[in-house]
Amino acid sequence: ERREERGERREETTRRRYMNTTCRTKTLHNTTSGPSHHRRRLRTQALHRHQHQHQHQHHQHQRGEAVGLAATRNRKERKGPHTPFQGTKRSQTFGLIARARMDKVEGEQEQDQAQLIDGKAIAETIRGEIRDEVARLKEESGGRFEPGLAVVLVGERKDSQTYVRSKKKGCEEAGIKSFGTDLPETATEEEVLAVVREYNADPRVHGILVQLPLPSHMDEEKILMAISIEKDVDGFHPENIGKLAMRGRDPDFVCCTPKGSVELLERSNIPIAGKSAVVVGRSNIVGTPAAMLLQRRNATVTVVHSRTPNPEKYIREADIVIAACGVANFVRGDWLKPGCAVIDVGINAVDDPTKKRGYRLVGDVCFEEAVKVAGQITPVPGGVGPMTIAMLLQNTLEGAKKAYEQGK
Ligand code: NAP
């Protein structure tokens with residue numbers, strides 16, 4: 001009898017173990033995206049690779065996954081399928097993060113993909129906040145407070161003209177007065193410097209922006225240095241960048257694109273402090289200030305660049321990835337740590353004969369792959385791009401407020 005009892009117990013244990021493994025595998029598959037086997041394989045591969053790489057964290061990680069998956073399952077049981085702008089407190093509160101498209105998987109199961117960080121919607125909210133604040137301050141000051149932004153455009157580049165137009169339109173909508181000087185391609189460096197000096201001295205102007213790139217016969221550095229630091233709303237002045245790098249010092253202005261990238265993380269309630277972050281690219285205007293901003297927010301930051309061998313080695317460790325290298329689809333899905341947050345700064349045109357204009361815009365991250373592995377991701381276009389102008393307007397408002405407080 002005892003032998004039989006022991007046999008039954010053994011069978012029961014084996015059955016439980018079997019069920020456990022099968023359920024876990026099923027859950028893993030059911031929560032991967034879409035009916036595509038490739039997609040499932042991608043996420044599973046990423047998970048497996050990650051587990052191999054972190055031998056000592058292996059159990060912890062697995063537990064984390066199991067908890068995550070169980071949470072997903074429970075949420076589905078409790079609330080039914082997730083739909084955009086419904087479900088999480090975050091999306092209800094801000095209405096900003098739309099859930100990435102969800103395909104039907106076998107049976108009734110719906111799968112989860114990365115949440116889209118909707119830069120367009122977040123930028124719109126910020127622009128609304130700026131508009132309201134400008135209107136309030138104008139009223140409180142009896143019309144004396146009026147922020148002003150001056151944009152200097154040299155040459156006839158179509159893309160630059162488009163950027164300048166949208167910056168001016170953004171000003172108009174926010175109640176910021178815009179000033180503009182257009183100079184021909186043949187203008188001399190001295191002529192541009194004279195315009196900058198004029199705006200430096202003009203009390204109606206609180207921000208000066210020289211649209212880049214400048215014609216090749218001009219010294220970009222010299223012209224940017226000529227902008228008064230109090231009006232450097234682009235945040236490119238070495239003094240502003242230097243202060244950003246120093247502990248205990250605050251720059252007057254922070255470069256708009258990196259500032260917008262970090263703002264996207266913060267407005268999406270993505271924790272930064274204590275997290276590990278990788279910035280791809282080290283340019284003065286995006287990569288380097290982005291890394292400094294993350295570090296100021298207590299992330300542990302690694303910067304990878306064109307001379308970094310095996311950048312994927314670092315990216316796989318990252319909870320946050322900011323990609324700004326200007327190489328289309330550079331960061332692959334299987335380079336990412338499952339559940340990480342991805343901010344794709346890149347804007348690259350790739351040939352696409354199906355499009356009327358013959359090309360389409362893609363980021364520095366391969367979106368189609370990354371969306372299956374990441375927890376949150378910005379699209380291109382519609383991610384970081386709209387934030388750049390919003391941050392420019394915010395910087396101009398900050399500059400105007402400082403000047404007003406100082407009675408200028
Ligand atoms: P950039 O000045 O050309 O700098 C690119 C950086 O990426 C450099 O630090 C470079 O490394 C690094 N890099 C290049 N190839 C690499 C590779 N294969 N592996 C790793 N790193 C590599 O470009 P940027 O001005 O920073 O702009 C970056 C991207 O952001 C571009 O796609 C640009 O269009 C986009 N952008 C978007 C906005 C927006 O508003 N959304 C604004 C600005 C820029 P090295 O330093 O070693 O050369």
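Start at 1 and go down the list; that is how both ligands and their atoms are numbered. Only a predicted model underlies this, so the values are computations on that prediction, with no experimental measurement involved.
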Residue, atom name and distance, where the atom is the protein heavy atom closest to [atom]:
atom                    : value
atom 19 (N) of ligand 1 : Phe330 CZ, 3.2 Å
atom 46 (O) of ligand 1 : Arg282 NE, 2.7 Å
atom 15 (N) of ligand 1 : Val327 CG2, 3.6 Å
atom 24 (P) of ligand 1 : Ser283 OG, 3.7 Å
atom 14 (C) of ligand 1 : Cys325 O, 3.6 Å
atom 44 (C) of ligand 1 : Val286 CG2, 3.9 Å
atom 25 (O) of ligand 1 : Ile285 CD1, 3.7 Å
atom 40 (O) of ligand 1 : Thr388 OG1, 2.8 Å

Exercise. Is there a salt bridge (Lys or Arg N to Asp or Glu O under 4.0 Å) between Arg157 and Asp159 once you walk through the steps?
Worked result: CA-CA 6 Å; Arg157 278 179 67 120; Asp159 55 346; 2.7 Å; yes
Exercise. Do other residues, nucleotides or ligands put more than 12 heavy atoms under 6.0 Å from Arg357 CZ?
Worked result: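 Check passes, neighbour count above 12.
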Problem set entry | Neighbour count >12 (heavy atoms, 6.0 Å) for atom CD, Glu266 |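 For Glu266, atom CD is crowded (more than 12 foreign heavy atoms under 6.0 Å).
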Problem set entry | Residue selection (non-hydrogen contact nearest atom 30 (O) of ligand 1) among Val345, Asn284, Thr288, Val303 |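 Among Val345, Asn284, Thr288, Val303, the closest heavy atom to atom 30 (O) of ligand 1 belongs to Val345.
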Problem set entry | Region of Ile347 engaging ligand 1 - heavy atom pairs below 4.0 Å |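 Looking at Ile347 and ligand 1, atoms from backbone and side chain both fall under 4.0 Å.
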Exercise. Heavy atoms of the protein only: does one fall short of 4.0 Å from atom 3 (O) of ligand 1?
Worked result: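 It does not: no protein heavy atom is found less than 4.0 Å away from atom 3 (O) of ligand 1.
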Report yes if some heavy atom in the side chain of [X] is under 4.5 Å from a heavy atom in the side chain of [Y]; otherwise report no.
X      : Y      : answer
Leu397 : Phe145 : yes
Gln161 : Asp182 : no
His237 : Phe253 : no

Of all the atoms in ligand 1, which lie at a distance below 4.0 Å from a heavy atom belonging to [X]?
X      : answer
Gly281 : 6 (C), 7 (O), 9 (O), 12 (C)
Asn348 : 32 (O)
His305 : 11 (O), 19 (N), 20 (C), 21 (N), 22 (C), 47 (O)
Gly326 : 28 (C), 29 (C), 31 (C), 32 (O)

For this session: Cation-pi check, Lys355 to Tyr359: give yes when NZ or CZ is under 6.0 Å from the six-membered ring centre and within 45° of the ring axis, no otherwise.
Result: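 Not satisfied by the 6.0 Å and 45° rule.
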Exercise. Charged N to carboxylate O below 4.0 Å: is that the case for Asp202 and Lys231?
Worked result: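 Salt bridge between Asp202 and Lys231, a charged N being under 4.0 Å from a carboxylate O: no.
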Exercise. Does the pair Arg360/Asp352 count as a salt bridge with the N-to-O cut at 4.0 Å?
Worked result: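 The answer is yes: the pair qualifies as a salt bridge.
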Exercise. Considering distance alone, does some N or O of Ser306 sit under 3.5 Å from an N or O of ligand 1?
Worked result: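 Ser306 vs ligand 1: N/O contact under 3.5 Å present.
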For this session: Answer yes or no: does an N/O atom from Val280 fall short of 3.5 Å to an N/O atom of ligand 1?
Result: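 The answer is no, given that Val280 and ligand 1 share no N or O pair closer than 3.5 Å.
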For [X] and ligand 1, answer yes if some heavy atom of the residue is under 4.0 Å from a ligand atom, otherwise no.
X      : value
Gly385 : yes
Thr308 : no
Gly287 : no

Exercise. So Glu190 and Lys222, salt bridge (Lys or Arg N to Asp or Glu O under 4.0 Å) or not? Walk me through it.
Worked result: CA-CA 10 Å; Glu190 195 42 52; Lys222 191 170 168 192; 5.6 Å; no
For this session: Test salt bridge (Lys or Arg N to Asp or Glu O under 4.0 Å) on Glu173 and Lys169 and set out the steps.
Result: CA-CA 6 Å; Glu173 285 170 9; Lys169 190 163 166 265; 3.5 Å; yes
Exercise. Quick check: does any side chain N or O of Glu146 sit under 3.5 Å from a backbone N or O of Lys177, one acting as donor and the other as acceptor?
Worked result: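 Not at all, since once roles are kept as given, no pair shorter than 3.5 Å links the two residues.
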